[in-house]
Every structure is written in structure tokens, then in C-alpha cells.
Amino acid sequence: MSSDFKSILTENRLFEPSAEFKSKARISSMEDYQRLHAESLNDPDTFWTREASELTWQQPWTKVLDWQPPFAKWFVDAKLNVSENCVDRHVAAGKGDKPAILWEGEPGDTRTISYAELQTEVATFAAVLLNHGIKAGDRVIIYMPMVPEAAIAMLATARIGAVHSVIFGGFSSESIKDRLLDSGATAVITADGGYRRGKVVPLKDNVDTALKNAPHVTTVIVLKRTGQNIAMQEGRDAWWHDETAKVTEGAPANGFDSEHPLFILYTSGSTGKPKGILHTSGGYLTGTYVSSKYIFDLREDDVYWCTADVGWITGHSYIVFGPLSNGATILMYEGAPDTPHQGRFWEIVEKYKVSILYTAPTAIRAFIKWGDDHVDKFDLSSLRLLGSVGEPINPEAWMWYHHKIGGGRCPIVDTWWQTETGSILITPLPGVTPTKPGTATLPFFGVDAAILDEDGKEVGPNEGGKLVIRKPWPSMLRTLYGDNDRYKEVYWSTYENIYLAGDSARRDDDGYFWIMGRIDDVLNVSGHRLGTAEVESALVSHESVAEAAVVGRPDELKGQAVVAFVTVKGGVDPTPELAAALKKHVANVIGAIARPDDIRFAAGLPKTRSGKIMRRLLKEICAGGVIKGDTTTLEDLNVIASLQASGKDED
Ligand code: WT7
């Protein structure tokens, strides 16, 4: 990438962690961070041996890392049981009575599960799996609502060395079928249904449809959640409660090789079929354990709430494996943030005295749009640390999160990572790093992040380029399931032995990393490359704007013209005058080069079900309106239809 990749947004606000937070934090000085970071890169054996030794291993490793690029093995020859680390070891340490999971259903039903109870549930369900002939290495699909049994199923498969692949409960039977075929799974764990926005999602029906042409699936275990009528196929389908009632002794937590596969998680590729990201046991657990400990500063009395679904990597790493391996109390919420009312999250924070909240920019922008009244009704004083993940957080959304939710006192960890990276790679440390709204700041331990140009040279300060990781890290993906060639091609073919993240980014004068957008989304306006994130953040900084997505449209003169899709805040009229004002606003904030050519007001933006804006679809709409690419991960197809119908606002 040439050096004309412009960074146009400047953000100078700086927020130091409070003296109060610092005084109690695990790591509390920049010198300590720098010393440990240097050690983790220069002497990874010492660093990772010290950290990984805090976990329970049934057999020690002979070597920390075996790196045959691009294939890594971590903690070679070691044996461990992941579920033992997340559950049994806390019971053994006398924490059996501590709540592991606080659960709130969408309709308001609740459960509390202690570590001792969780141990029984996991060992029992693991025995059910064994009774059904499921063995180590077999693939098991988990398609469930956000109920404790989703986590129990994940831990139970891990306990017997089976490989789970969780499919988000909002996905269709078509998505289940694709993933079933690719993974070769022989068992499915599901529920009759789940609650979402007051409606029942027909999970078992979706599974039945997907299984029509999948005779290799011999076991379907069904949790009763909603109680609606479903079909049970004799010989294949069994109820969770019947099967667990038969178990007299839970399954033991035998050790498996450190590189034994733990799970496959499918993530959408920009083209082609979903990629089956493969994670293994020892390195993944170490990565999620260590990052949870330092980044969320987990303490004995914390109530930790990550609002993701277990169907995403965020749910895997930061609801289940990371926090539970730390023995934390986690909160799980089944439903939507606006059911039955738009203050639901804040009601839950107040009720459970949540101290750590980890959520996504898309949710934060929705809260801003819904208005402060919903927040003001509740007491959020239990919060002490906030996190953000999934997209660049627009600086104005960051400021709102900081003031309105964090009361100005909570550090915000803006965590950059990917399904592929397994755990957080770029992030502030809450007791150390002065934060700036919109940047994930500095690399975590063990992470050698850099920004390179087309020739593989590191770019200078504030120049845009491609974000890469130059050294292997414990929780990295090991391959794409069944497709080593695609793994090499996607991540390792741009630069030799260097991991390509697929994001464009820059570093500022303090070395902080600013994600500018996905490489595929970069705009090229009159020969200047612009990241989407910066233009969008400029739009969101206008008082009338709730959300914005920026894409390029082919333009004879400029190469690409800037088209901005904008949703406005409640009560604002999307008039031509506002469109003109927004263009002017962007030109003022970041310069004429980024001035949008078109502003298109929309009622909603097309998003993936994990909340990421699908700019690719918007690009296709701009280029003529025919949607060619894969839309199976799109959250709401109606949004596309209305965007196509909306026409455009001529300049
Ligand atoms: C992509 C990975 C990581 C778990 C959830 C998403 C974007 C993620 C940030 C952040 C800017 C971010 C990147 C990345 N992203 N976190 N804090 N700041 N961008 O996982 O679906 O695999 O997506 O999400 O573009 O590459 P994923």
C-alpha cells in the first residue's frame, strides 16, 4: 500500500486510568507493561511458561513453541483437560459454592449455578455424550439459545475431547446444513426453541430441516426451553433431561494433547463459503485465560457480563473459556437489549450489580439512538470497567459510553481481535494505558503487531497500511478446517511468514493502533486511500446521526465517489438540508477529500448478525442495485430492500 493511504481523523482527547483503579490493578505502570511485553516477545518461553503454569496440566510440555510456518504447536507434548480448567479446578480450590453462572432469561426467569453445580452438570452431560457413542475427535454441532446449557454443552464436549462447532441460534437451517457438511458432525445439541424479542425461535424445526439430507448425524439431543410442540425422530432424537436422568456417574476429565482440536467456529468470508476456524486446546486456553485476567482485571468479587452470544468467538473466549478458567462469576442473558424495553441492559446491570461490562459498538450506537432516559432510570454505580469489541468504536460513541455508562470513572478497554486470533491482541491494559476514544491502543503480551506497506516495509507514524502480526501467539487459529491451502492463501500469502489480519490501520505518534477498516473496504478518492472508519466516525460525531456506513461508488473523475448511508437519531428529520449539513460537517472535521458525494438516509443499515455493517452489500447497491454476494449472514433482508428502494439524494 503506498504512503498516500491517508489518515484524516485526529483525536487528541486522552483519558488516564483513575488513581483508584491503578492502585488495585494487577499491572499499574507503563514500565511494567513494556517490560513484560518485551519479555513476551524476546523470551516467550519464560513468559508463557510462567503464565501457562497457573493452569492445570496433566502432563507438562517439552517445548513451549514448535513453529513451522504457518503451522504452530504450543505447549508441545503437554496434556490437559479444558473443562477441568474451567470448572473442576475451582471446586478443588474450595470455590464450589461460588456462583459460576448468573442467568437471566428474556422473559425474566432466572438461575444461579455454582461451580460445584456446574461441575456436576458438565460431567453428567459429558457422560450423556459418551453414552451416545460420541468419542474424542468427533464433531458436535451446538445450536442453542443463550441458556446455561449452551455453555454446559461446550464444556461437556471439551471434557471428552469432542470438537464442538457452535452455530448462532439466529442462523437458518441452510447455515446449519453447510456447517454440518463441512465439519462432518455426527451429533447436534439443540433446544426446542429459544426466546428472541418476545418470539419463539424454532430451533429444533430448523435442525430437522437441515438434517433432511444428513444421514451421518446419528444423535440429536434436545433441551426443553420453550415447551412448544416439536417432532422427535425415534432412534435419533432424545431429550436432554431424559438422558441426564439416566447418568449415574459423571465423565472423568481425562487429559488430551495440547494440540487436540477444541472447536471449529465458522466465520463468513467476504466471498465463498464460510471459513471453519480451527482452535486447539492448550494454547487457546492459555491465551483466553491470560487475556481475561489482565485485560478485564478479573477479581474474586466481580460480576462479569459479556453481552455477546456464545455463537460468536467473543462468546467462546470471553463468556465461557476465558472467564471460567479464571474462576469468575459470569452473567448470561438470553434475550435482546430492547425486550421488553430499551433499558433492559441497564436494568440487568443494576439488578446483578455488574462490575465489568463487555459489549459492542453496534449496541452502544443503538443505546444512543434510543435516548438517555432509558439509562437514567437505573443505578450503574456497580460498574468499574467497560469493554468494546467487534468494530472500531466511533469516538463520539466512546465518549457517551465513558460518561453515560461508565460515569467517567471506568477505564474502557477497546479490544481488537478476530475469530482467527482466538483472544484479544490489541488493547489497553485498564490500570496502565492512557486511552483515546477510537483506538485499541497497544499490543497485548506476546503480540508483535505492525503495519506494513505493499512491499512489506513498516510504514511511518500516521501512515495507513496493512495490519499484520509477525510472530505466532498461543491462541492463533491452527488452520481452516480441512483446508490448509486456503489457510495459507488467506492469511500467509501476502507477506512471508507474517499473519495478515485483513484490516487497514495506522499507528499514531504514541504508537497506538487505529483500525481504519477492512482492507476490502478501503476507498480510493482521487488517488488517496481512505479508511471507512474515519469518515463514518466524522458523520457519527454530528448530533443528528445515529449510525453511518461509507462506501465507494465508481466515479469517472475521482475514481471513487464517497457515498454515506446514514441513520438519524430519534426525532430528527432526514431532510435535504441535513444532508447538505452533513457533507459540510465531514469536510470541516476531516477535510474536503472525504466530503461525501451522496448522503443516503436509511431506516437501518445491513448488518451481520454479530452487528457488523456489511459495506459490501452497500457497495453493490451503489453500483447498480443487484446483490450478488452471499447474504446468509445478513441480519435483516428487509433492510436491503428498503435501501434499494430509497433512491439517492442527488448532490
Ligand atoms: C474483525 C474481526 C473479535 C471478536 C468479534 C469480531 C473488527 C474487532 C475491533 C476493534 C476495530 C475491530 C476488525 C477485525 N474488529 N474488534 N476493537 N476495533 N475493529 O470477530 O467477526 O472475527 O471480526 O472485526 O475488522 O478484523 P470477527
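We count residues from 1, following the sequence as given. As the structure lists them, so they are numbered: ligands from 1, and atoms in each ligand from 1.
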Exercise. Would you call the rings of Phe263 and Phe321 parallel, tilted or perpendicular, where under 30° means parallel and over 60° means perpendicular?
Worked result: parallel
Seminar exercise, completed: Filtering Gly315, Ser423, Gly390 for the heavy atom nearest atom 16 (N) of ligand 1 leaves Gly390
Exercise. Of Trp312, Trp416, Tyr318, Trp514, which has the heavy atom at the shortest distance from atom 12 (C) of ligand 1?
Worked result: Trp416
For this session: State whether the shortest distance between N or O atoms of Thr419 and N or O atoms of ligand 1 falls below 3.5 angstrom.
Result: yes
Exercise. With only distance considered, is Ser610 within less than 3.5 Å of ligand 1 through an N or O on each side?
Worked result: no
For this session: Using the six-membered ring of Phe171, assess whether NZ or CZ of Arg179 lies under 6.0 Å from its centre and within 45 degrees of the ring axis.
Result: yes
Near [X], which atoms of ligand 1 are under 4.0 Å from a heavy atom of that residue?
X: Thr415; answer: 9 (C), 10 (C), 16 (N), 17 (N)
X: Thr314; answer: 4 (C), 5 (C)
X: Ile313; answer: 4 (C)
X: Pro392; answer: 11 (C), 18 (N), 19 (N)

Problem set entry | Structural part of Arg518 in contact with ligand 1, heavy atom criterion under 4.0 angstrom | side chain
For this session: May I ask you to identify, for Ala440, whether its side chain, its backbone, both or neither come under 4.0 Å of ligand 1 on a heavy-atom basis?
Result: neither
